[in-house]
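Just follow the structure's listing: the first ligand is 1, and inside any ligand the first atom is 1. Fair warning: this is a prediction, and the values are worked out from it, not measured in the lab. Positions are given from 1 along the sequence.
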Amino acid sequence: MTGSATFSIGLFCGSRDGGDPGYREAAEQLGAAIARRGWTLVYGGSSIGLMAAAANAALHGGGRVVGVMPKSLVQRELVHAALSELRIVETMSERKELMAHLSDAFVVLPGGIGTMDELFEVWTWRYLGAHQKRCVLINVNGFYDTLLGQVAQMSNQGFLAADAADALLVSADIGSAIDMLATAQEPQ
Ligand code: AMP
């Protein structure tokens, strides 16, 4: 655990809604499920896109939501005004570091290059042994099929060790992602 009072889930996802309403529904379901479990949601602190959808659903469900926002993005990404806690940091790197520190496990929904950057960082950190926290990719409506195809290609061509590939858990829906995250609460 991180030392935080409750089990904390770090969420990486788009600062936009994307082209399929299912993405936003998934973000809302995830936020609500995290709140129902009594977990804390740790995310980037925005009031836009899937990030906001998950945060608002968690807050609506009575959950605790911690936002971590770099100074430079406070205006651009419109910081969420009603979070349980807001941490303003200097840089993007500090944001990722603090989010990682505050989280006991990570979950990834559809998103853009920011989401990719965050996913690959926590995944590689786990593979390199910098942390032992679970990383769960939620493949909402097949959004990540092409990425997973690339991961398979890296494995097949000998660029990715089996244990590195296994360090990224993939779920097709929110229910199974929550089950995978819940397992992370048990001693590993
Ligand atoms: P996106 O998936 O591009 O919509 O971005 C999702 C979130 O990732 C947004 O809050 C971005 O500000 C954030 N982000 C983008 N690049 C980085 C980075 N290098 N480090 C940390 N966060 C980032």
> Find out whether V107 and F12 are in side-chain contact, i.e. whether some heavy atom of one side chain is under 4.5 Å from a heavy atom of the other.
no
> If hydrophobic residues (ILVMFWY) are linked whenever their side-chain heavy atoms come closer than 4.5 Å, directly or via other members, who joins L128 in its cluster?
Y127
> Between R95 and E90, does any side-chain N to carboxylate O distance fall below 4.0 Å?
no
> In a table with atom names and distances, give each donor-acceptor pair under 3.5 Å that connects a side chain of residues 20-34 to protein atoms at least two apart or in another chain.
residue : atom : partner : partner atom : Å
D20     : OD1  : G22     : N            : 2.6
D20     : OD2  : N141    : ND2          : 2.9
R24     : NH1  : D17     : OD1          : 3.0
R24     : NH1  : D17     : OD2          : 3.4

> Not counting sequence neighbours, list each pair that qualifies as a side chain to side chain donor-acceptor pair (under 3.5 Å) and has a residue in residues 107-119.
K96-D117
> How long is the gap from CZ on F106 to CG on L181, to the nearest 0.5 Å?
11.0 Å
> In order of chain and number, which residues sit within 4.0 Å of ligand 1 by heavy atom?
C13, G14, S15, M51, L73, E77, M92, R95, K96, G111, G112, I113, G114, T115, D117, E118
